[in-house]
J.: 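I have a structure I would like to understand better, so I am pasting it below and will then ask my questions one at a time.
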Amino acid sequence: MKVRLRTVNVFLVITALVAAVLFTVAPVEAQCAMCRASVQNNAAFVRGLNLGVLILLTPPVAIFCSIFIVAYRYRKGGKDDVIDE
């Protein structure tokens, strides 16, 4: 029970931090300066380029988060550390 409560508290803290970051950041565009200069006059293409950059960013972030979660979950070495209730 104590482990579950700690997990819920950690989850709530992480959720609050993510929400705080998302609500306090300034709007940004997912473009380098050179890409922005070359497509500056075409608003529809700029939106498509921003979406493409964000879509291409998703797999590396997902892979990194997955590795981090697996490393955190098994940081002590195996199945013997899992607590059954």
Side-chain angles (χ1 to χ4, degrees):
M1 185 72 171
K2 198 173 197 180
V3 173
R4 183 175 291 167
L5 183 60
R6 183 170 183 254
T7 304
V8 169
N9 285 340
V10 169
F11 178 73
L12 289 175
V13 168
I14 290 172
T15 304
L17 288 173
V18 168
V21 167
L22 288 176
F23 289 123
T24 58
V25 295
V28 295
E29 295 180 355
Q31 293 178 4
C32 66
M34 192 181 316
C35 295
R36 184 177 177 143
S38 65
V39 297
Q40 188 172 4
N41 297 328
N42 192 347
F45 190 72
V46 170
R47 280 193 297 267
L49 184 62
N50 281 332
L51 182 61
V53 170
L54 291 175
I55 288 172
L56 289 174
L57 181 68
T58 304
V61 170
I63 291 168
F64 172 76
C65 290
S66 300
I67 292 170
F68 180 75
I69 290 169
V70 169
Y72 181 76
R73 185 172 291 167
Y74 296 107
R75 68 190 178 278
K76 291 187 180 178
K79 290 182 178 179
D80 297 335
D81 294 335
V82 176
I83 300 172
D84 292 330
E85 291 183 28

J.: Measure the CG-CG distance between Asn42 and Leu49 for me, rounded to the nearest 0.5 Å.
T.: 10.5 Å
J.: Side-chain heavy atoms under 4.5 Å apart, restricted to Ile/Leu/Val/Met/Phe/Trp/Tyr: what other residues fall into the cluster of Tyr72, or is it alone?
T.: none
J.: Hydrophobic clusters join Ile, Leu, Val, Met, Phe, Trp and Tyr when side-chain heavy atoms are under 4.5 Å apart, directly or via other members; which others share one with Val10?
T.: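 So far as hydrophobic clustering goes, Val10 is joined with Ile14, Val18, Leu22.
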J.: List, one per line, each side-chain donor-acceptor pair under 3.5 Å for residues 51-60, sequence neighbours excluded.
T.:
unit_1 : atom_1 : unit_2 : atom_2 : d
Thr58  : OG1    : Leu54  : O      : 3.0

J.: Run the side chain to side chain contact (heavy atoms under 4.5 Å, CB included) test against Ala16 and tell me which residues pass, sequence neighbours left out.
T.: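 Listed in chain order: nothing, the list is empty.
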J.: Under the rule for side chain to side chain contact (heavy atoms under 4.5 Å, CB included), what residues qualify as partners of Val21, not counting sequence neighbours?
T.: Val25
J.: Other hydrophobic cluster members with Ile69, side-chain heavy atoms of Ile/Leu/Val/Met/Phe/Trp/Tyr under 4.5 Å, chained?
T.: none
